[in-house]
Amino acid sequence: MTLIVNGERREIAAVNLAEALRALDYGDAIVATALNGDFVPARKREATSIQPGDRIEIVSPRQGG
Amino acid sequence: MTLIVNGERREIAAVNLAEALRALDYGDAIVATALNGDFVPARKREATSIQPGDRIEIVSPRQGG
Amino acid sequence: MTLIVNGERREIAAVNLAEALRALDYGDAIVATALNGDFVPARKREATSIQPGDRIEIVSPRQGG
Amino acid sequence: MTLIVNGERREIAAVNLAEALRALDYGDAIVATALNGDFVPARKREATSIQPGDRIEIVSPRQGG
Amino acid sequence: MDFYGFSPRSRLLLGTSQYPSPAVLASAVRASDCEIVTVSLRREAARLREGQDFWRLIRELGVRVLPNTAGCHSVKEAVTTAEMAREIFATPWIKLEVIGEADTLQPDVFGLVEAARILSADGFEVFPYTTEDLVVAERLLEAGCKVLMPWGAPIGSGKGLNNLFGLRAMRAHFPEVPLIVDAGIGLPSHAAAAMELGYDAVLLNTAVAKAGDPAAMARAMRQGVEAGRAAFLAGPMPARDMAAPSTPVLGKAHLS
Amino acid sequence: MDFYGFSPRSRLLLGTSQYPSPAVLASAVRASDCEIVTVSLRREAARLREGQDFWRLIRELGVRVLPNTAGCHSVKEAVTTAEMAREIFATPWIKLEVIGEADTLQPDVFGLVEAARILSADGFEVFPYTTEDLVVAERLLEAGCKVLMPWGAPIGSGKGLNNLFGLRAMRAHFPEVPLIVDAGIGLPSHAAAAMELGYDAVLLNTAVAKAGDPAAMARAMRQGVEAGRAAFLAGPMPARDMAAPSTPVLGKAHLS
Amino acid sequence: MDFYGFSPRSRLLLGTSQYPSPAVLASAVRASDCEIVTVSLRREAARLREGQDFWRLIRELGVRVLPNTAGCHSVKEAVTTAEMAREIFATPWIKLEVIGEADTLQPDVFGLVEAARILSADGFEVFPYTTEDLVVAERLLEAGCKVLMPWGAPIGSGKGLNNLFGLRAMRAHFPEVPLIVDAGIGLPSHAAAAMELGYDAVLLNTAVAKAGDPAAMARAMRQGVEAGRAAFLAGPMPARDMAAPSTPVLGKAHLS
Amino acid sequence: MDFYGFSPRSRLLLGTSQYPSPAVLASAVRASDCEIVTVSLRREAARLREGQDFWRLIRELGVRVLPNTAGCHSVKEAVTTAEMAREIFATPWIKLEVIGEADTLQPDVFGLVEAARILSADGFEVFPYTTEDLVVAERLLEAGCKVLMPWGAPIGSGKGLNNLFGLRAMRAHFPEVPLIVDAGIGLPSHAAAAMELGYDAVLLNTAVAKAGDPAAMARAMRQGVEAGRAAFLAGPMPARDMAAPSTPVLGKAHLS
């Protein structure tokens, strides 16, 4: 189905957020996730089902002031 | 009855705010009034009944910065 | 003879500063004069003889801060 | 004879500056000297004769900013 | 410059407090040539009737009054005071002060915005005494304010413009909003500096009232405000670090 | 205020250089209401006779002239220039500039004192362009100067008062000597600040001549000078760190 | 100094952004001797995995991280960002930025207080990036903040302390609260001045990252912070207007 | 940095006067890590011999001494004092003070240049205590000085850098001459600011001697000087009026 991942349209076969991350090939990368603007903790990704059109944000540590 | 007028305890015989002002001898002085912290317009003073212990504030123009 | 007038080489026939000013066509212009760096008052121009190579400065009022 | 030593009147028997310093009991103290406002190097103290009323300044190291 | 439909000629607003006498106050107001003075409400004693005399004096001066809510620390107090002021002074104008801190008398920006919203909705024309905070300013405009009055320095301090950068940024950010520097002005050079920044007007009180000669200081402040405004409009030269000869170098005589 | 026997009404002195046109110069001088303008001497070409027209213009303005020795870097140059100026302008007054450094156009205080001594001895009435150095000032007074003109900032910089401390100390040190801040003024608030320090007058040029509207800026400077002087005389309040309520606290209604 | 139970030895906090390279960042952090660095969260691309390398670098430096919510303009954004940061960085600390205006990057004090309340209630330890507004500061403390970070000047401006008066008042008003000057520091003298006011620490980034030699500037900032703190504790002399001889006058030889 | 052939490691010079006790002086000198201290000459009483003990103390500290001519108001006094100092301290170095005014203790620039010429001709290595006057500086260099020591503010005032513009211009005008800010420094931030301007060193006394804890303040001043110098060498960012995000904007998550 079609998801918006970090602002880009992607075609992914997945029923929950954890699968989506695997499908997107993030493997064991240290990332945090938000679904449609709400934070989804790592431990809840399996239990968090996703729908076509969902907006997923996947972030990681970066420089900051 | 006993009222708190501008912070001072006063004994006054009056059933409404207008009477109270007269009893307090304000006559035609230009003042604005508040009853228990709420503004009471001049035109509503007759209709505003007062109870023992009511707090009445009577103010007039003064210097300001 | 050759004089340096306001920084420019000029050929003038004159024996004193007053003649030089006339020869230079200053007529009745309001000017002050210096000869070789020294002030020469108007009243002394006739009496101030000049030599070839003399430096004459002729100035007039101008904007100033 | 009478000398002005560091601003104070003193009675001293001495013919030169070196003797005066000894008479004043400066012994081997590290000091510099001036006679009547002029510097007198240590090596010239013996050769510097003094007169009644001479002003002698005797200074030493001190705190400074 | 438009204060809720009124366009004063004078860009100086004057407070009426702390003068040695009513006569001195009157002379200072006249000397300032101001058209707007700030006033307040205080408790009236039936026998004394101080307020009646003061009010007569002000009316005789023929100036507009801008009533304040000085000393109010809560939204409720400020709103009730504003309502009483509107009735007595018969004007929708209110200089809204919601004081948040006793030492600096700085505004409580939270209470200020809330009170401004309530009063604007009720038909008041609010002149909020605020800080140079741009976000607070935005909120005040959203609340319905059409004039802003950032402080120059704490009330009565006479320190001038404590945060020149902040005031400059505020002017740049709100080119169209009437901005009045309120409080902190101690000298005409402070008032002129505020106007040179492009501010529309200056409101002050203590510097005039507490001067040795209030009327003379009022006149001086008036001139400072006019000077600063005129300079702003005249297009000042840009400042530069190095010198530039004012007298022409060209044509200088060689006299050595 | 006494400048060698002349006591002007106006405390602003204006330079005549760098204006877009003679007409603008004239309008600025009139708008400034000044009574003293600075002028200089430059080489005159027989054909052009620029100087003649300029001089006519100045005379028509009915102001006193204070000729300067701008651009002179040596005592000799300055003295000769002064002598020529005295003849042409028929005045003993001379604004004595002995420039010591090109980037800041600061005075050469050594040449300045020497030239001041020579000129004073010769009957000139010297207005020395100097720094805020108190010892130099003492020497200038010893040399015969009865007026001192410390700089505010480099000529033409428009930076205002670079050394407020030094200028304040100078005023305190010479309470009786007429002191004029000369050079560096860029805005009316600068001029007002100089007068608030107790200076007797301000001399400026570039800030007016280079303004978008010179006449308007001249008027603004005049007001700034008047405002600062009036404030100085009116006895300003002392500045304080903390706030002090302007509106009386006593009698405030309790509305909570 | 106690930041939610952690008492760092170093009073300098350093940002990790804008360095020419990771190696330069590392050398600057080491040179600064700081124990706390700020970091952020940004989108991670599966292939690039930039974040993984950056995070490894930071962990190797052995410093605590203070994640920020930089760039968030709404409470919701800031809160969600904080939640993601807490999971990734495994710390309850959050430098809370709710930006209210683009030109100055000043805080939105309304959103800031609201977000601080939500996050504090949720167990976060909030370091709010705020202004010198005392009332906002009170609200932040009520919201649960135990540290405050007022700005010195706009982020990245390097202007130093724009409102010295406001910062001094804030320190006086909150003698017990850990106060960190965050943003605007451009030079060690700025950092020292902040500490001399009695501030507990300084947080900066651009001045180091954009210096010609970031590591050297980091060391300089560290020294500036230490110098200012030491001076504050040492009890500085009071400044005075007039001079006072340092060398004793007594006992001076008379040599004239 | 070369002071007549000596290139100190430390850029802080310390005065030895006004300390609570010799022991505190010693600890402050050590804490400052300075290599040069200023000393003076005063009348010695035969019985007391104060000077002998002081001199022993200084020698034990293993620092170079820079004798001053403090309190001298005439060229003659200063020259004779210098001659006595050279004999006692066995050094050609002399901190030349010719005081011109009692309230500010400012130099008499005329006497200063004359004395500098006499002493330089006689083999002295002169460190003149001067102002920021560029022309005076030129004369001092012509007189033989190879180091200049402009004041920051009046001796003992602790006001810092009164004329930042003048000091900046002086550094720009004499890029090669060793310049030491002498007098007026009250806090490490002042010392750092002087070094950030590019000055070579700082000389101070009162701020350390009169601090509650002189040794701690000496250490703080040392750090301030080092910080300012390091920043100057590191190439500081240019200051800017508007803000610039330190945290990257790119890649920010969209969470609304």
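Values below: every heavy atom of this structure, side chains too, minus hydrogens, waters and symmetry copies. Chain letters run A, B, ... following the sequence lines, proteins first, then strands; residues in each count from 1.
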Worksheet entry | Which portion of L24(B) sits near chain E, non-hydrogen atoms under 4.5 angstrom |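 For L24(B), the contact with chain E is made by the backbone alone.
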For the interface with chain B, which of [options] has the highest count of heavy-atom pairs at distances below 4.5 Å?
options                         : result
A209(E), P22(E), G51(E)         : G51(E)
Q18(E), E97(E), E83(E)          : E83(E)
K76(E), R86(E), K95(E), R47(E)  : K76(E)
T81(E), V79(E), L41(E), T206(E) : L41(E)
A85(E), S40(E), G15(E)          : S40(E)
Q52(E), E44(E), R43(E), M84(E)  : R43(E)

What heavy-atom pair brings [X] and [Y] nearest, and what distance separates the two atoms?
X      : Y      : result
D25(B) : A46(E) : O-CB, 3.9 Å
G65(B) : S17(E) : N-CB, 4.3 Å
V59(B) : I88(E) : O-CD1, 3.5 Å

Given that the side chain runs from C-beta out, which part of [X] has a heavy atom under 4.5 Å from chain B: side chain, backbone, both or neither?
X      : answer
Y19(E) : neither
E77(E) : neither
R49(E) : side chain
R59(E) : side chain
A45(E) : backbone

Worksheet item: Between T80(E) and G37(B), is there a donor-acceptor pair closer than 3.5 Å when you use the side chain of the first and the backbone of the second?
Response: yes
Worksheet entry | Straight-line distance of Q63(B) CD to N68(E) CG, nearest 0.5 Å |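 Between atom CD of Q63(B) and atom CG of N68(E) there are 11.0 Å.
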Worksheet entry | Point-to-point distance, once rounded to the nearest 0.5 Å, from CD1 of I30(B) to CZ of F54(E) | 12.5 Å
Item to complete: Output yes when R45(B) and E87(E) qualify as a salt bridge under the 4.0 Å nitrogen-oxygen rule, no when they do not.
Response: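 Yes, charged N to carboxylate O under 4.0 Å.
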Discussion item. Does atom CD (E8(B)) have a neighbourhood of more than 12 heavy atoms from anything else shown, all under 6.0 Å?
Written reply: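 Counting neighbours around CD of E8(B), 12 or fewer heavy atoms of other residues, nucleotides or ligands fall under 6.0 Å, so no.
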